[in-house]
Colleague: 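Below: one structure in structure tokens.
Convention: sequence-line order gives letters A, B, ...; per-chain numbering from 1.
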Number of protein chains: 2
Amino acid sequence: MARSGAAVRKPSGQQKKARGRVSSYHHGALREALLEAAEAVLLEHGVEGFTLRECARRARVSHGAPAHHFGDVRGLLSEFTAVSFERLDALMSAYRARSAADAYAQFAATGLAYVDFALANRPRFQLMFRSDRLDFGNERLAAASTRTYRQLADTVTAMLPPRARTRVPVEGIALAWSLAHGLSTLMLDNRLFAELVGGNAGHAHTLMQDLLERARPLFEDSGQQR
Amino acid sequence: MARSGAAVRKPSGQQKKARGRVSSYHHGALREALLEAAEAVLLEHGVEGFTLRECARRARVSHGAPAHHFGDVRGLLSEFTAVSFERLDALMSAYRARSAADAYAQFAATGLAYVDFALANRPRFQLMFRSDRLDFGNERLAAASTRTYRQLADTVTAMLPPRARTRVPVEGIALAWSLAHGLSTLMLDNRLFAELVGGNAGHAHTLMQDLLERARPLFEDSGQQR
DNA sequence: ACGCATAACTTGACAGTGTCTAGTTTAGCG
DNA sequence: CGCTAAACTAGACACTGTCAAGTTATGCGT
């Protein structure tokens, strides 16, 4: 795929059809180009400094062009964020694949993936929970976020004794998710917390490991009513 | 100035000094009026829809007026958020005052205050962690946020055995804060989480109570290295 | 009692934003 | 080969935050 990034100068043959053209009226792969531009803008200016027109500029296209592919800003950001959820989901799977098979190890893997993803993709992660800039009516976004949630929930449920697995362990899921999410967001946008923990992604990772290990007994009897 | 009706309708006496005046050029208490307006705008349009000019409109003042008191938008929002931290700090104290004196009860009170505050003050709470819209160089904001943090940290530390209290229980603080913060933010801007928990503030409160109770053993030996 | 410096506010301008609408180019299909 | 419809451009609109320059009124020093 033409995924080589940085399509700055239009290195000639990059459109679907118009091979010889140096510059063509039709971009050819504007959708993808805009999504890549969005990432660049987000990295450079943060979520707050994100601008549709700046994306268009980077894709060397007029400011009205994005509308044709995404409708409006929320459309673009929703599509962008759908990819984010897909990646997080995939990262969780990858971490699990590299972990031991027991329920706790599988669960811990998803939690660590969550935190690592957040720390490694600051604006991407922040956007995933800025509901005011997203449209969860977007099917791909709704599907991806639901799938991600389910993977997390499943690894929690799998820690229950077999016959307890019919009921949803609400408290356990909430605990795990809150922990991972709180740790991630506080690391990303609270100075005091970041200083407390040590600042970098490595510290967050080992801290999460410690917390999960400590909290282990809480999960393994999660489900039976107190 | 071709303004014929110089006396625009102004809601009569509302200034601090100019009592008899029907309309005064000077507002008299614009600072406070703008902060109140900010709250109204935030409640109506959310953090994303917040606008400085809209605040000015509500305070029946020109769009340039706020600059004189707050410099720029971040100035106003920082001052607004300083108050938010002060209120959260006060709410924690109030909850603690109504709780038992033992260390765990005091700690749980701060956690519950955190969650209740968030759920009862959505945009206010959200703003407190939108570092891109705040200026933590603002002294009042920095002081208030630090004080709030310290209260939370102290109630965690107080759960340690006396002679362990010299070291900062980083893990315990991180665990508690992450839990409270994650639960709060997820309730506020994640549909799936809110549905899982039940949606309203009451559910969040009792869930937090349960989680704190469950996690109790984790805190009480927090500090001694694993 | 009264100037008058200056704080408090207004007004207008500017660059920039997202979205709409109407026009232009071109791809691809019959 | 012609033509429809998709892809993109260009300009306009209402709105934003900030700045600079003007206007009004307060209260302080004398």
Colleague: Does A:F80 have A:R124 sitting over its ring (NZ/CZ under 6.0 Å from centre, angle to axis within 45°)?
Modeller: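 Yes, cation above the ring, under 6.0 Å and within 45°.
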
Colleague: If I take atom CD in residue B:E54 and atom P in nucleotide D:dT16, what distance separates them, rounded to the nearest angstrom?
Modeller: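 So the two atoms are 7 Å apart, to the nearest Å.
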
Colleague: Rounded to whole Å, how long is the line connecting atom CD of A:E48 with atom P of C:dG16?
Modeller: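 Distance check: A:E48 CD to C:dG16 P gives 18 Å.
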
Colleague: Whole angstroms only, please: what is the CZ-C1' distance between B:R60 and C:dT10?
Modeller: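 My rounded result for the distance is 16 Å.
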
Colleague: Nearest whole angstrom, please: distance from the P of D:dC15 to the CG of A:L52.
Modeller: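 Going from CG in A:L52 over to P in D:dC15 covers 20 Å.
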
Colleague: Under the side chain to side chain donor-acceptor pair (under 3.5 Å) test, which residues partner A:T146, sequence neighbours left out?
Modeller: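 Listed in chain order: nothing, the list is empty.
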
Colleague: Within this structure, what is the CZ-to-C1' distance between B:R53 and C:dT17, rounded to whole angstrom?
Modeller: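 Atom CZ in B:R53 sits about 13 Å away from atom C1' in C:dT17.
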
Colleague: Could you state the atom-to-atom distance from CG of B:L30 to C1' of C:dA7 in whole Å?
Modeller: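 Atom CG in B:L30 sits about 12 Å away from atom C1' in C:dA7.
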
Colleague: Salt bridge or not between B:R58 and B:E39? Use side-chain N to carboxylate O under 4.0 Å.
Modeller: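 No, no charged N to carboxylate O under 4.0 Å.
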
Colleague: Pick base, sugar-phosphate or nothing for B:R57, based on heavy-atom distances below 4.0 Å to the nucleic acid.
Modeller: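 Answer is sugar-phosphate: B:R57 comes under 4.0 Å of backbone atoms only.
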
Colleague: With DNA chain D as reference, determine whether A:R31 or B:R133 sits nearer its 5' end, using the nearest nucleotide of each.
Modeller: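 Nearest-nucleotide comparison on DNA chain D picks A:R31.
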
Colleague: Please give me every residue in residues 62-75 of chain A whose heavy atoms get under 4.0 Å of an atom in DNA chain C, ordered by residue number.
Modeller: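 A:H63, A:D72, A:V73 - these, ordered by number, are the residues of the stretch whose heavy atoms sit under 4.0 Å from the strand.
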
Colleague: Indicate yes or no for a side-chain donor-acceptor contact from A:T81 to the backbone of A:M128 under 3.5 Å, with no hydrogens or angles considered.
Modeller: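 Judged by distance alone, no pair lies under 3.5 Å.
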
Colleague: If we count only N and O atoms by modelled type, under 3.5 Å, do the side chains of B:Y149 and B:W177 hold a donor and an acceptor together?
Modeller: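 Checked: B:Y149/B:W177 side chains show no N/O donor-acceptor pair below 3.5 Å.
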
Colleague: Is the backbone of B:T155 close enough, under 3.5 Å, to the side chain of B:Q106 for a donor and an acceptor to pair up by distance?
Modeller: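 Absent.
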
Colleague: Give the rounded distance in Å between these two atoms: CG of B:D132 and P of D:dG17.
Modeller: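 These atoms are roughly 15 Å apart.
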
